[in-house]
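Okay, structure first, notes after.
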Amino acid sequence: MRYSKTLLPTLKETPAEAEIVSHRLMLRAGCIRKLTAGIYTYMPFGLAAIRKVENIVREEMNLAGAQELLMPMVQPADLWRETGRYEKYGPELLRFHDRHDRESCLGPTHEEVITDIARKELHSYRNLPMNLYQIQTKFRDEIRPRFGLMRGREFIMKDAYSFDVDDEAAGISYMKMYEAYKRIFTRCGLSFRAVQADSGAIGGSFSHEFMVLAKTGEDTIVVCKECEYAANMEKAVVKLVKIERPEVLGDMEKVETPGKRKVDTVCEFLGIEAKQLVKTLVFKADGKIVAALVRADREVEEVKLKNLLGAADVEMADEQEVFDATGVPTGYLGPVGIAVRMVADQEVAAMQNFYAGANEKNFHLKNVNLGRDFQVEAVGDLRQITTSDPCPECGGQLETTEGIEVGHVFKLGTGYSESMQATFQDKDGQAKHFVMGCYGIGVSRIVAAAIEQNHDDRGIVFPVPLAPYTVIIVNLGIDDEIINTAAEKIYEDLQAAGLEVLLDDRDERPGFKFKDADLLGIPYRVTVGKTFIKSGTLEIKNRKDGTLEELTPEETVKRLQTTILAELSK
RNA sequence: CGGGAUGUAGCGCAGUUUGGUAGCGCACUUGUCUGGGGGACAAGGGGCCGGAGGUUCAAAUCCUCUCAUCCCGACCA
């Protein structure tokens with residue numbers, strides 16, 4: 001492609017709206033332009049990168065035995081009512097009425113539509129397993145779209161759905177996708193981790209999120225330094241460290257703590273450590289008051305609390321609500337003699353002779369013990385994991401990093417097939433519900449994540465497999481016949497060698513062109529300038545490491561062809 | 001939906017406090033020079049100052065209402 005004929009509007013200055021690197025660079029490099037909040041036009045250069053991702057996804061999905069189809073974006077409300085999601089989905093689902101006043105919605109995901117296809121078209125176990133996928137623009141009316149393509153309302157997603165005869169077969173389908181995903185993200189040149197997204201309530205870990213490791217990620221994940229364990233922070237299982245303490249249970253006594261409400265001040269006043277104190281935090285679970293007990297130096301993980309309680313929604317109660325429910329001012333709350341539902345972190349159950357609030361202003365209790373002095377409704381893993389906790393898998397050291405979720409594999413089971421009566425006839429002649437799985441990849445988000453992970457202060461540094469062009473030729477002598485001819489020649493030859501080449505044939509000054517080449521992040525730059533007249537060589541620059549080479553045109557073609565091919569087959 | 005901020009030329013901004021009829025840098029057009037890291041000079045084009053209403057002789061500026069966008073918290077690929 002000739003730069004002079006391309007719509008590739010680069011920006012020297014950064015538009016004020018862009019906050020994170022990928023968004024900023026994608027705007028500056030002319031990849032995207034915003035139409036309205038969370039909705040972007042993919043400009044030719046950005047679209048080329050998206051297509052690269054799509055093709056990798058397509059190849060690997062097909063290789064894994066999945067078939068591509070394309071489902072409608074506009075969907076009838078009735079279909080969504082079958083699964084109850086038309087009511088449940090919330091305002092993210094954009095609903096509207098068509099000219100006949102039929103209720104419709106824009107598909108944020110396609111379980112209903114695909115299950116409808118399955119119940120109509122798949123009738124026998126002989127048809128299974130079946131895995132169908134599409135690459136499509138999704139619409140989710142996000143509460144707060146932000147960060148450009150990272151969280152848009154409109155975005156390109158690959159979604160796949162598998163249908164199997166039973167649980168075991170579904171597990172195989174799941175693993176196939178899991179492996180395909182690893183290949184996809186590896187081929188995209190991303191540094192990523194597959195993290196467990198389910199704490200194991202169903203039994204196995206049948207949900208994984210694929211996270212690209214990047215500082216700007218919206219999720220925090222914990223990663224083991226020694227083994228492959230990785231999990232979303234809010235779901236990471238805390239392994240209880242057994243402490244052998246054959247202590248004699250002391251008699252519970254009241255101690256005065258005048259005006260000491262905070263953990264720090266209480267500990268300082270009593271001359272104890274926070275790990276000897278238990279704090280009582282009050283939450284509203286689906287509107288009902290529940291107290292959660294954790295060691296004073298720990299944090300309650302609301303997601304875990306939610307799961308333990310089986311609640312749909314959990315939030316912290318405010319001071320007034322706490323007082324209304326318990327009659328105790330915050331700071332002196334404790335588990336002994338309090339009339340609310342209580343749950344405790346497993347660590348609290350293992351503690352002996354601890355301190356806690358006395359449910360009386362200016363007093364705490366000493367030598368409190370669970371079981372003897374109070375009872376709780378449930379004990380479980382309630383607290384947030386820390387880097388000083390051992391890896392739940394191998395006991396190794398943990399660290400935290402930020403991650404961007406680019407993929408999610410999930411075993412659905414028979415929820416959808418049951419609510420939509422999607423059955424097939426099995427070997428034994430019985431009608432059975434399909435066991436389903438669903439698998440998503442954020443295609444447009446991958447491009448943003450890749451830039452988040454691969455850039456420097458001069459611009460994007462595209463991984464070769466995602467680069468819209470792999471080579472940019474900088475012609476520095478538009479008016480010089482020798483240089484011009486050489487630039488045209490190498491342009492032809494590189495294309496003939498099967499490479500995607502951008503020829504910068506604009507009448508601009510060298511500095512200007514170099515800056516653009518850096519900004520665009522094209523992996524290899526070939527400069528045709530005065531050195532060609534002097535020595536007949538071209539300069540090849542590697543965008544990533546900055547290495548320079550002087551080669552003849554023939555050598556250049558060979559060198560680029562082999563190195564780029566090598567990069568692509570990694 | 002709560003909290004904060006911003007809307008002035010394609011982009012980045014000043015001007016708003018103290019009303020007097022719109023400016024700077026970049027980009028764009030033309031010309032000359034220049035030619036290995038966003039070059040120089042000269043001459044141009046481009047703005048119902050987000051929208052509506054009001055106050056006033058006079059509004060980008062003051063008042064009221066609205067719309068939009070961005071940032072911080074609950075969702076997710």
Side-chain angles (χ1 to χ4, degrees), chain A residues 9-20 23-24 27-28 30 33-39 53 57 89-93 108-110 135-160 181 184-185 197 209-212 217-219 232 234 302-303 306 312-316 403-410 438-449 458-459 474-480 483 504 506-519 525 527-534 538-539 541 546 548:
Chain A
T10 55
L11 264 30
K12 186 152 72 174
E13 282 171 297
T14 310
E17 68 189 53
E19 196 66 16
I20 62 167
H23 188 195
R24 218 155 42 215
L27 285 168
R28 287 193 54 207
R33 287 295 183 260
K34 187 176 73 177
L35 180 63
T36 181
I39 299 181
V53 175
V57 169
Y89 210 92
E92 259 191 19
L93 179 67
T109 176
H110 283 68
I135 295 175
Q136 190 205 33
T137 295
K138 294 276 187 275
F139 189 91
R140 290 185 192 169
D141 204 354
E142 291 283 342
I143 306 162
R144 183 147 98 85
R146 58 184 139 177
F147 303 149
L149 292 197
M150 205 63 95
R151 182 181 291 283
R153 291 149 83 204
E154 214 179 83
F155 58 98
I156 299 173
M157 175 171 157
K158 187 276 325 182
D159 48 324
Y181 273 36
I184 289 169
F185 299 125
E209 288 170 348
F210 287 81
M211 310 288 273
V212 166
E218 293 184 85
D219 296 281
N232 200 314
E234 52 190 35
E302 292 187 19
V303 173
K306 200 162 89 176
D313 182 59
V314 161
E315 60 176 324
M316 203 80 176
I404 300 164
E405 186 185 351
V406 290
H408 198 167
V409 291
F410 197 81
C438 73
Y439 317 93
I441 289 183
V443 172
S444 42
R445 181 182 278 183
I446 283 181
V447 176
R458 294 191 313 246
V474 180
N475 178 347
L476 292 187
I478 298 294
D479 302 324
D480 185 299
I483 294 174
D504 192 348
R506 296 171 301 172
D507 186 11
E508 292 290 351
R509 296 170 59 88
F512 193 91
K513 292 185 166 193
F514 289 144
K515 291 283 186 195
D516 265 348
D518 287 344
L519 176 62
R525 187 184 83 194
T527 308
V528 191
K530 288 223 175 80
T531 43
F532 181 75
I533 299 179
K534 277 187 232 143
L538 308 171
E539 179 195 87
K541 186 170 185 185
L548 291 170

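Chain letters run A, B, ... following the sequence lines, proteins first, then strands; residues in each count from 1.
- In this structure, A22(B) makes no Watson-Crick or G-U wobble pair, since no nucleotide meets both defining distances under 3.5 angstrom.
- Evaluation of atom-type donor-acceptor distances gives no pair under 3.5 Å for the side chain of T14(A) against the base of G12(B).
- No donor-acceptor contact under 3.5 Å links the side chain of R140(A) to the base of C75(B).
- The same atom, P, is picked in U66(B) and in G2(B); the two are 13 Å apart, to the nearest Å.
- Using a 4.0 Å heavy-atom cutoff across all strands shown, R28(A) reaches at least one base atom of the nucleic acid.
- Judged by distance alone, with hydrogens and angles left aside, the side-chain atoms of R28(A) form a donor-acceptor pair with the main-chain N or O of L11(A) at under 3.5 Å.
- Residue contacts for D507(A): at a heavy-atom cut-off of 4.0 Å it reaches a base atom on one of the strands shown.
- Within the 3.5 Å criterion, the main-chain N or O of D504(A) finds a donor-acceptor partner in the side chain of K513(A).
- D516(A) comes within contact range of at least one nucleobase, with a heavy-atom separation under 4.0 Å.
- Pair check for C65(B) finds G51(B); Watson-Crick or G-U wobble, both atom distances under 3.5 Å.
- Contact of E508(A) with G38(B) (side chain to base): no donor-acceptor pair of N or O atoms is detected under 3.5 Å.
- When the P atom is used for both G15(B) and U29(B), the distance is 31 Å, rounded to whole Å.
- Partner assigned to C33(B) is G39(B), using Watson-Crick or G-U wobble distances below 3.5 angstrom.
- Across all strands shown, D219(A) has heavy atoms under 4.0 Å from base atoms, whether or not it also approaches the sugar-phosphate.
- Among the heavy atoms of the strands lying under 4.0 Å from G529(A) is at least one base atom, whether or not backbone atoms are also near.
- Base contact: K530(A) has a heavy atom under 4.0 Å from a base atom.
- Across the strands present, A77(B) finds no partner; the criterion is a Watson-Crick or G-U wobble pair with both atom distances under 3.5 angstrom.
- At the heavy-atom level, G459(A) lies nowhere under 4.0 Å from the strands shown.
- The base of C75(B) lies outside donor-acceptor range of the side chain of D141(A), with no N or O pair under 3.5 Å.
- Between R151(A) and E142(A), at least one side-chain nitrogen of the basic residue sits less than 4.0 Å from a carboxylate oxygen of the acidic one, meeting the salt-bridge criterion.
- Using the six-membered ring where Trp is involved, Y439(A) and Y181(A) have ring planes that are perpendicular, over 60° apart on the 30 and 60° scheme.
- Regarding contacts with the backbone of C71(B), a side-chain N or O of R144(A) is found under 4.0 angstrom from either OP1 or OP2.
- Remark: side-chain polar atoms of R24(A) are paired, donor with acceptor, to backbone N or O of E19(A) under 3.5 angstrom.
- Here the separation of C70(B) from G44(B), taken at their C1' atoms, is 35 Å to the nearest Å.
- Per the stacking criterion (ring centres < 5.5 Å, plane angle < 30°), F514(A) does not stack onto the base of G38(B).
- Taking only side-chain nitrogens and oxygens, K541(A) never comes nearer than 4.0 Å to OP1 or OP2 of G36(B).
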Exercise. Test R140(A) against T109(A) for side-chain contact (heavy atoms from CB on, under 4.5 Å), laying out the working first.
Key: CA-CA 9 Å; R140(A) 290 185 192 169; T109(A) 176; 3.9 Å; yes

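- Taking the P atoms as reference points, G12(B) lies 29 Å from U18(B), given to the whole Å.
- With P as the reference atom, U16(B) and C63(B) are 14 Å apart, rounded to whole Å.
- With a cut-off of 3.5 Å on both pairing distances, A27(B) has no Watson-Crick or G-U wobble partner at all.
- When both distances must be under 3.5 Å, the Watson-Crick or G-U wobble mate of U56(B) does not exist.
- Residue contacts shown for E539(A) include a base, since a base heavy atom lies under 4.0 Å away.
- Straight-line distance between the C1' atoms of U6(B) and C13(B): roughly 13 Å, to the nearest whole Å.
- Looking at heavy-atom distances under 4.0 Å, R525(A) makes contact with a base.
- When the P atom is compared between U56(B) and U61(B), the two are found 16 Å apart, to the nearest whole Å.
- For a distance-only test at 3.5 Å, the side chain of R506(A) fails to qualify as a donor-acceptor partner of the base of G38(B).
- Between the side chain of S444(A) and the main chain of I156(A), a donor-acceptor pair closer than 3.5 Å is present.
- For the C1' atoms, the distance from G51(B) to G47(B) is 16 Å, rounded to whole Å.
- Evaluation of atom-type donor-acceptor distances gives no pair under 3.5 Å for the side chain of R146(A) against the base of C70(B).
- For S444(A), no side-chain nitrogen or oxygen approaches OP1 or OP2 of A77(B) to under 4.0 Å.
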